[in-house]
Amino acid sequence: MPELPEVETIVRELDAALPGRRIRRVQVFRADALGGVPVARFRAALEGRTFRHVRRQGKFLLFELEPPGYLIGHLRMTGKFAVSPPLPKPLPYHRVWFELEDGALLVFQDMRCFGTLAVVERLRDYAPLAALGVDPFSRHFTAHWLAEALAASRTPLKHWLMDQSKVAGLGNIYVAEILYDARLSPLRTANTLIAAEVERLYRAVRRILRKAIHKSGTTIRDFRRVDQKTGQFQNFLRVYGKAGQPCPSCRTPIARVVQQQRSTFYCPTCQR
DNA sequence: AGCGGAACCTGTCGGC
DNA sequence: TGCCGACAGGTTCCGC
């Protein structure tokens, strides 16, 4: 489900709600997300600690704690965080409750149980973060860096952009929209782009992500903000999920192909 | 290096 | 109505 704009939306809303609030009690209703960490250890690591700040790296949510440490979350396909008033019992798909001192709940829910939660004392202790590439909103993401990185790979553009060890935060929806905006085929080999094409791609990454964040992300099925409202970027999609519909620019039907076992949508006329 | 396939788990939708 | 396959915003692992 969530890509960078959805995670950014959630993180901004959690950062407005959580700092200064203390975790009184943690309840785990289904432990899949803990990656084998015993429930007792997970609870002990969190209970009594206070949220200081919530931010994002790629698609990971980083909850900074006091005494110092981090709760790290990844929503994968159907994970969600919500802030809720006290509840008598967990709703369907509620996996973990972080009960705050006033009784309010930070709820982690996840229908498909792919999402992950971890507690670490230092961010560098967490290997999945160390494996991430450049975040599109970090100062390291430049057209120059992008040109050099693309030049080193013979993989198709779609696959390259989805690789979190290269650029961190893009997924199936936004890669499709970015490549449409940049007028580049998802099938192009990364190292065949000329300088002007790299520049178009660089600008498209920033433009599409900025606009999607401005629209609070994309709700196609079940993405919800912390307050359960939907995102709005689905109203601005040009190609994702639009197989057979006319390209907004040239009216050629949008094509759907499968790459890396994932659907790819693009305009065969506009994107070369 | 790069690719294809399977796996993790649960639900929805369309076709017959 | 019921069953079955395809598909879903993500990631990892394994073999060639």
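Residue numbers begin at 1 in each chain, while the letters A, B, ... track the order of the sequences.
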With respect to the phosphate group of [N], does any side-chain polar atom (N or O) of [X] fall under 4.0 Å of OP1 or OP2?
{"X": "Tyr93(A)", "N": "dC9(B)", "result": "no"}
{"X": "Ser263(A)", "N": "dA8(C)", "result": "yes"}
{"X": "Lys59(A)", "N": "dT11(C)", "result": "yes"}
{"X": "His74(A)", "N": "dT11(C)", "result": "yes"}

Distance criterion of 3.5 Å, no angle test: do you see the side chain of [X] paired donor-to-acceptor with the base of [N]?
{"X": "Gln261(A)", "N": "dG5(B)", "value": "yes"}
{"X": "Arg262(A)", "N": "dA8(C)", "value": "no"}
{"X": "Arg221(A)", "N": "dG9(C)", "value": "yes"}

Between dG9(C) (C1') and Leu4(A) (CG): distance, integer Å: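 Checked: the CG to C1' distance equals 13 Å.
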Asp32(A) CG to dT10(B) P, straight-line distance once rounded to whole Å: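 Going from Asp32(A) (CG) to dT10(B) (P), I get 7 Å.
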Sugar-phosphate only, base, or nothing, as touched by Arg154(A) at under 4.0 Å among non-hydrogen atoms: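 Here Arg154(A) touches the backbone only, sparing every base.
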Pairing partner (Watson-Crick or G-U wobble, both distances under 3.5 angstrom) of dA6(B):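 WC or wobble partner is dT12(C).
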Identify all side-chain donor-acceptor contacts of residues 245-253 of chain A below 3.5 Å with residues at least two apart in sequence or on another chain.
residue: Thr252(A); atom: OG1; partner: Thr269(A); partner atom: OG1; Å: 2.8

Options dT12(C), dC3(B), dG9(C), nucleotide nearest the side-chain atoms of Ile220(A):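 The closest nucleotide is dG9(C).
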Stacking check Phe114(A) vs dC9(B) (5.5 Å / 30 deg):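 No; by the centre-distance and plane-angle rule, Phe114(A) does not count as stacking on dC9(B).
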Any donor-acceptor N/O pair, Tyr202(A) side chain to Phe141(A) backbone, under 3.5 Å: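 Between the backbone of Phe141(A) and the side chain of Tyr202(A) there is a qualifying donor-acceptor contact (under 3.5 Å).
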